[in-house]
Number of protein chains: 2
Amino acid sequence: MKGKVTSFDVAQRAGVSQSAVSRVFSGASASKATQDKVRSAADALGYRPNRLARGLITGRSKIIGLVVAYLDNQFYPDALERLSNVLKEQGYHILIFTTKGRGEEVKQTFDQLMDYQVDGIIAASVGISDELTNRCAAAGIPLVLFNRGQRGGALAQVTSDNLQGAAKIASFLVKGGHRRIGHISGWMGSITGQDRAQGFASGLQAAGSELVHQIDGMYRRDTAAEAAETLVSEHGCDAIFVGNDHMAFAVMDHLRGAMKISVPNDVSIVGYDDVSMAAWGAYELTTLRQPVNRMVHATVDTLLAMIEDADASADQITIDGPLVVRTSAKVPKEN
Amino acid sequence: MKGKVTSFDVAQRAGVSQSAVSRVFSGASASKATQDKVRSAADALGYRPNRLARGLITGRSKIIGLVVAYLDNQFYPDALERLSNVLKEQGYHILIFTTKGRGEEVKQTFDQLMDYQVDGIIAASVGISDELTNRCAAAGIPLVLFNRGQRGGALAQVTSDNLQGAAKIASFLVKGGHRRIGHISGWMGSITGQDRAQGFASGLQAAGSELVHQIDGMYRRDTAAEAAETLVSEHGCDAIFVGNDHMAFAVMDHLRGAMKISVPNDVSIVGYDDVSMAAWGAYELTTLRQPVNRMVHATVDTLLAMIEDADASADQITIDGPLVVRTSAKVPKEN
DNA sequence: CTGAAAGCGCTTACAG
DNA sequence: CTGAAAGCGCTTACAG
């Protein structure tokens with residue numbers, strides 16, 4: 001522990017009190033002369049304030065807990081990177097927790113999060129029980145849900161407009177002349193899965209069509225691939241809306257590979273998210289773009305507002321995204 | 001700040017001293033009776049020790065800083081998730097920093113890392129200057145390089161055996177009957193890029209062949225795609241070893257898409273990493289597997305050893321991985 | 001503006 | 001085994 005220089009060391013070298021040192025680093029008032037003395041002493045010594053000590057006394061750790069479930073879905077690493085950058089600009093950093101589980105594991109995760117005295121929590125697509133919600137509230141720790149809503153609660157959340165987005169896809173598919181349209185949903189235990197499914201079904205009806213069949217893809221590649229086979233072989237689908245891009249890739253692989261089916265000539269596929277891979281040559285997936293950047297900014301804005309003002313309202317923000325048309329689905333004819 | 005219960009609150013309720021409370025939670029000796037009293041009081045109050053306060057006094061934050069550059073290469077989110085899990089079992093958590101930059105930005109990142117009093121740092125494929133290395137050493141913060149070596153220094157690092165791995169690929173390609181073999185390297189400013197290139201060239205020679213041409217792919221998709229076009233069109237390559245899977249996907253997309261070239265009938269492609277997508281139907285990429293799990297365990301073991309014992313040697317660990325044969329490259333004939 | 005002092009929530013010698 | 005006390009490195013009223 002050689003390198004440990006404290007504010008006392010700096011004070012001594014600068015010939016001022018330790019309080020003075022603290023003041024210049026915490027941005028409190030100090031005369032120009034003091035500032036200069038302190039800064040040059042600090043530079044000479046390589047001093048930097050200890051955030052833990054500061055956090056202990058201010059009650060602000062400047063740490064945001066991020067809990068995320070699906071790092072294999074490229075949407076999340078992408079969001080993570082942006083979240084990290086936007087937060088960094090505001091002086092916050094991310095303590096990351098990955099958890100596939102639900103229930104007990106999530107609970108432990110929250111315990112640990114709180115042990116570190118995080119200033120706020122972002123939960124990306126993980127289900128939060130009411131108990132956990134209450135515990136955060138009791139501890140005064142703001143929580144915002146990223147890309148996954150929760151019914152009932154007054155939880156802060158930012159999602160894309162899943163209902164509308166799915167409806168856009170429905171309309172696009174119907175106009176594209178598809179007759180037998182199926183849906184492989186996201187996990188129906190998630191609001192996201194439910195909303196996209198519902199928006200899609202309503203959209204189909206609004207366009208004068210109907211949903212032939214729907215299977216829960218559980219956000220899993222293998223489940224989705226199997227579902228695609230069932231939809232095509234048993235239900236004769238000529239178009240499938242898949243609940244997210246991650247599953248859509250698996251569907252395309254399975255259709256083209258094992259089943260020798262041409263996409264989009266035999267079956268059209270549409271996804272949801274517009275992750276970077278959707279634009280790759282192997283897939284060229286038509287999909288609904290989730291505006292990650294705007295979602296990230298909205299999330300950070302909401303969270304920081306709640307941190308700075310405990311009475312800030314828990315916003316529920318819905319962000320609209322465009323349909324990105326590529327080649328994985330037949331396109332409506334111009335006329 | 002309602003929910004803030006401290007060890008004093010617990011002590012009071014349990015009818016013991018605050019020291020006693022601390023002892024049972026820090027695992028120091030305490031009688032069974034005291035333990036019981038404290039635990040039940042703590043449970044009733046929902047008490048959990050404040051890690052920041054504990055860290056301040058023990059000098060152990062239980063935070064590991066992870067700095068990572070390429071979250072869009074699936075290798076890293078995957079490694080991140082495993083790192084997080086393995087570390088969690090040991091009571092550590094990850095404060096994550098993303099940085100594309102080199103130089104000044106990395107320096108700032110390290111400043112911030114140290115502000116949080118991290119117990120150790122894992123740098124995943126980011127270049128660390130000697131100055132930074134020295135600063136970590138001075139501060140007594142162990143640093144281990146993950147998946148990227150550094151020449152000269154005595155830095156702890158864990159990488160796969162890039163030299164040998166690339167040599168295996170060379171041998172495989174020559175045996176596969178390829179005549180004009182090219183290489184799109186990883187960024188040649190990185191040791192990883194250099195080693196794979198060198199191992200490949202030597203391997204080719206050892207197998208009685210030679211490298212037709214090599215282009216730096218910079219770990220970028222667009223650069224790699226362009227390089228592939230040059231290698232095929234101008235140098236007549238019938239096989240290309242691409243420095244990592246992430247670029248290899250771009251190469252396959254470009255060859256098959258824009259250039260209407262069949263992989264592997266016209267050109268064989270081999271990658272490096274074996275990220276999960278390599279197994280996907282759209283690519284079925286033949287590639288050298290980096291044993292992420294073993295690399296992660298080795299990284300954590302080394303880092304924790306250095307944290308626990310400041311005199312622990314800075315291990316330089318190299319882990320061997322197998323060639324995973326799929327369909328993106330012609331396979332040597334049995335005989 | 002500035003310094004002395006209290007205190008954030010803990011751990012850990014030190015006596016008993 | 002247990003409690004009183006000092007101290008980790010800071011911030012922030014409080015006097016001057």
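None of the values given here were measured: they were computed from a predicted structure. When reading the values below, keep in mind they use all heavy atoms of this one structure, side chains included, and skip hydrogens, waters and symmetry mates.
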Could you tell me the separation between the [atom1] atom of [X] and the [atom2] atom of [N], rounded to a whole number of Å?
X	N	atom1	atom2	value
L45(B)	dG9(C)	CG	C1'	15 Å
D9(A)	dC10(D)	CG	P	9 Å
L52(A)	dG7(D)	CG	C1'	16 Å
F8(B)	dG7(C)	CZ	P	11 Å
Y47(A)	dC10(D)	OH	C1'	7 Å
I57(A)	dG7(D)	CD1	P	17 Å
D115(B)	dT11(D)	CG	C1'	16 Å
R48(A)	dT11(D)	CZ	C1'	18 Å

Of all the choices, [options], which nucleotide is nearest to the side chain of [X] once you look at every atom?
X	options	value
R54(A)	dG9(C), dT11(D), dA4(C)	dT11(D)
S19(A)	dA4(C), dT11(D), dC1(D)	dA4(C)
L56(A)	dT12(D), dG9(C), dT2(D)	dG9(C)

### Query
Is the number of heavy atoms from other residues, nucleotides or ligands under 6.0 Å of K88(A) NZ greater than 12?
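More than 12 within 6.0 Å, yes.
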### Query
Would you find more than 12 non-hydrogen atoms of other residues, nucleotides or ligands less than 6.0 Å from Q35(A) atom CD?
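Yes, the 6.0 Å shell around CD holds more than 12 heavy atoms from other groups.
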For [N] and [X] - does any side-chain N or O of the residue sit under 4.0 Å from the phosphate oxygens OP1/OP2?
X	N	result
S7(B)	dC10(C)	yes
S17(A)	dG3(C)	yes
T58(B)	dC10(C)	no

### Query
Do D315(A) and S313(A) have side-chain N/O donor and acceptor atoms under 3.5 Å apart?
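Yes, side-chain donor-acceptor contact under 3.5 Å.
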### Message
Using a distance-only criterion (donor-acceptor N/O pair, under 3.5 Å, no hydrogens), is the base of dG3(D) paired with the side chain of R23(B)?
### Response
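Yes.
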### Query
Between CG of L155(A) and CD of Q316(A), what distance do you get to the nearest 0.5 Å?
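So the CG of L155(A) and the CD of Q316(A) are separated by 7.5 Å.
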### Task
Flag this pair as yes if the NZ/CZ of R39(B) is under 6.0 angstrom from the six-membered ring centre of F25(B) and inside a 45 degree cone about the axis; otherwise no.
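Yes; both conditions hold, so R39(B) lies above the ring face of F25(B).
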### Message
Classify S26(B) by what it touches in the nucleic acid, base, sugar-phosphate, or nothing, heavy-atom distance under 4.0 Å.
### Response
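Sugar-phosphate, no base atom in range.
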### Task
Give one of base, sugar-phosphate or nothing for S22(B), where a contact means two heavy atoms less than 4.0 Å apart.
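S22(B): base contact, heavy atoms under 4.0 Å.
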### Message
Looking at K4(A) and D9(A), is there a salt bridge between them, counting it only when a charged N and a carboxylate O are closer than 4.0 Å?
### Response
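Not counted as a salt bridge, because no side-chain N and carboxylate O are separated by less than 4.0 Å.
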### Message
side-chain contact (heavy atoms from CB on, under 4.5 Å) for D78(A) and V275(A)? Distances and angles first, verdict last.
### Response
CA-CA 8 Å; D78(A) 185 17; V275(A) 299; over 6 Å; no
### Task
Answer yes or no: is there a donor N or O on one side and an acceptor on the other, between the side chain of K62(A) and the main chain of Y92(A), under 3.5 Å?
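No; zero donor-acceptor contacts below 3.5 Å.
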### Query
Of all the base pairs, Watson-Crick or G-U under 3.5 Å, which form stems of three or more consecutive pairs involving DNA chain D?
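Consecutive-pair runs (3 or more) involving DNA chain D: C:1-3 with D:14-16, C:5-12 with D:5-12, C:14-16 with D:1-3.
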### Message
Both A53(B) and Q18(B) contact DNA chain D. Which one's nearest nucleotide lies toward the 5' end?
### Response
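Looking at the nearest nucleotide for each, Q18(B) comes out on the 5' side.
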